[in-house]
Amino acid sequence: MKHLMTGTAATAAAMLGYAVGVERRHWTLRTAELPVLAADSRPIRILHLSDLHMLPGQESKQRWVAELDRLDPDLVVNTGDNLAHPQAVPAVLRALGPLLQRPGVFVFGSNDYYAPKPKNPARYLMPKGRKKRIHGTHLPWRDLRAAFVEHGWHDLTHVRRTLTVSGQRVFAAGVDDPHLRRDRYTDITGVPDRQAALRLGVTHSPEPRVLDPFAADGYDLVLAGHTHGGQLRVPGVGALVTNCELDRSRARGASRWGAHMWLHVSAGLGTSPYAPARFACPPEASLLTLVPRGSRPAGTRNLARRRAASHVR
């Protein structure tokens, strides 16, 4: 029994060391092809970024994100939680620097407004109704927003907007962070532009109470983050939690939501500095190739760090 306990402890320590020291820096590019565009539309390439949770000294992450510009996306969509430190705005801007020259849209998440705080990890396994929300200090989200807008990115917080992307009309709308219950879907309710090649919804947390009205109004695709893909996944089981009301099977990647709409949830590129571990869920950015409905989707692939580097030319 003593040998069994010793072996179990050693295995657990090795797994934790890998999760903290290796996988949380194993930057990965996830690719997917989604049939969401109107008939006769040309493909649109979206780079979906989420949950950077940036600290000022995370230079490896900053370099890797900046290199994603070489993928030549038509549109960048940022679904929030960029910050993890009051002085992280310059680091986020260094990471996104070349991408800010491309068309982009964004909404913010809780860790743009408030700094993370130490929490008992068991809280994530508790029923949602028993959780007490804990806010850290205020973060400089207004400075980050001003920089994004100055570079031409559009803030979709409770806004409906028509964009021209790759010479085609894209109708986009978003809500403030549902995790903080700041969402007001009534501000954007209504049928989106029927003539657009794409009707795009954007939210930080993929709460069903927000996804349902997007679907009912006729949106083609909603992009979200927040879940970290579960962050610590069990091989063969998947995510144990999503930190929201979304079911665990949708914690990352693409899925259908209703008869018409698709949902894509990014597992994100960061973690809270107080929970710096990932297991079976590497940090990711997503390159989504949108094609007309009726096309057969090519599915989803992960390109690990080495392959991503060779793909980003």
Side-chain angles (χ1 to χ4, degrees), residues 32-41 44 46 48 50 75 77-81 105-110 128-129 154-165 168-227 229 239 242-267 286 288-297 300:
E33 185 175 288
L34 302 179
V36 298
L37 299 183
D40 301 322
S41 299
I44 295 175
I46 289 181
H48 182 189
S50 198
L75 178 68
V77 178
N78 182 314
T79 49
D81 273 12
V105 297
F106 67 94
V107 294
F108 283 151
S110 58
K128 189 172 182 181
H154 298 285
D155 184 353
L156 292 182
T157 305
H158 301 140
V159 169
R160 293 158 55 99
R161 188 179 296 276
T162 299
L163 313 171
T164 299
V165 177
Q168 302 178 94
R169 187 154 59 181
V170 172
F171 184 90
V175 295
D176 208 346
D177 185 15
H179 183 63
L180 295 179
R181 295 196 169 272
R182 297 173 69 133
D183 54 297
R184 298 193 309 271
Y185 190 86
T186 53
D187 287 3
I188 59 169
T189 191
V191 176
D193 184 355
R194 297 184 184 276
Q195 303 304 313
L198 172 69
R199 285 81 58 89
L200 175 67
V202 183
T203 179
H204 175 63
S205 179
E207 297 288 353
R209 71 169 190 276
V210 173
L211 300 177
D212 285 343
F214 270 125
D217 278 345
Y219 282 81
D220 301 305
L221 172 66
V222 170
L223 301 185
H226 177 71
T227 66
T242 64
N243 198 24
C244 64
E245 296 295 339
L246 189 72
D247 57 281
R248 293 184 296 108
S249 66
R250 303 173 190 265
R252 70 178 181 189
S255 61
R256 299 295 296 268
W257 192 273
H260 179 82
M261 194 175 82
W262 284 77
L263 168 69
H264 184 266
V265 179
S266 170
S286 301
L288 308 177
T289 300
L290 311 185
V291 297
R293 291 184 180 274
S295 304
R296 186 174 181 178
T300 300

Value for CG (Asp220) from NE2 (His260), rounded to nearest 0.5 Å, stands at 4.0 Å
I'd like to know if the side chain of Arg256 reaches the main chain of Ala259, judged simply by a donor and an acceptor atom lying under 3.5 Å from each other, with no hydrogens or angles considered. yes
Give a yes or no answer on whether the side chain of Arg160 reaches the backbone of Ile188 with a donor-acceptor pair at less than 3.5 Å. yes
List for me each residue that meets side chain to side chain contact (heavy atoms under 4.5 Å, CB included) alongside Asp212, sequence neighbours excluded, and say none if there are none. Trp257
Give the intermediate values and the outcome of side chain to side chain contact (heavy atoms under 4.5 Å, CB included) for residues Leu200 and Leu75. CA-CA 12 Å; Leu200 175 67; Leu75 178 68; 4.2 Å; yes
Are the side chain of Asp81 and the backbone N or O of Ser110 linked by a donor-acceptor pair below 3.5 Å? yes
Indicate yes or no for a side-chain donor-acceptor contact from Asn243 to the backbone of Thr227 under 3.5 Å, with no hydrogens or angles considered. no
Donor-acceptor under 3.5 Å (Glu207 side chain, Glu245 main chain): yes
Quick check against the 3.5 Å criterion: does Arg252 have a side-chain atom that pairs as donor or acceptor with the backbone of Ala239? no
Would you check if Val175 and Val107 make a side-chain contact, meaning some heavy-atom pair closer than 4.5 Å? no
Using 0.5 Å steps for rounding, measure from the OG atom of Ser255 to the CG atom of Leu246. 7.0 Å
Sequence neighbours excluded, which residues qualify as side chain to side chain contact (heavy atoms under 4.5 Å, CB included) partners of His154? Val105, Arg161, Leu163
Only one of Leu290, Leu223, Leu221, Val222 passes side chain to side chain contact (heavy atoms under 4.5 Å, CB included) with Trp262; say which it is. Leu221
Between Pro206 and Leu211, is there a side-chain heavy-atom distance shorter than 4.5 Å? yes
Expected output: side-chain His158 to main-chain Asp176 donor-acceptor under 3.5 Å: yes
Could you report the tightest heavy-atom contact between Ser205 and Pro178, atom names first, then the distance? O-CG, 3.5 Å
Can you tell me how far apart CZ (Arg199) and CZ (Arg169) are? Round to the nearest 0.5 Å. 11.0 Å
Between Pro292 and Ser41, what is the shortest heavy-atom contact and its length? CG-O, 3.3 Å
For the OG1 atom of Thr289 and the CG atom of Leu37, what is their distance to the nearest 0.5 Å? 10.0 Å
Between Thr203 and Asp183, is there a side-chain heavy-atom distance shorter than 4.5 Å? no
Residue that, paired with Thr79, satisfies side chain to side chain contact (heavy atoms under 4.5 Å, CB included) out of Asp177, Leu156, Val202: Val202
Do the ring planes of Tyr219 and Phe171 sit parallel (below 30°), tilted (30 to 60°) or perpendicular (above 60°)? tilted
Under the side chain to side chain contact (heavy atoms under 4.5 Å, CB included) test, which residues partner Thr189, sequence neighbours left out? Tyr185, Asp217
Can a donor-acceptor pair be found, under 3.5 Å and without considering hydrogens, that links the side chain of His179 to the backbone of His204? no
Nearest heavy-atom pair of Ala38 and Ala196: which atoms, and what distance? CB-O, 4.1 Å
When rounded to the nearest 0.5 angstrom, what distance separates CD1 in Ile44 from CD in Gln168? 4.5 Å
Residues Cys244 and His226: closest non-hydrogen pair is CB-CD2, 4.1 Å
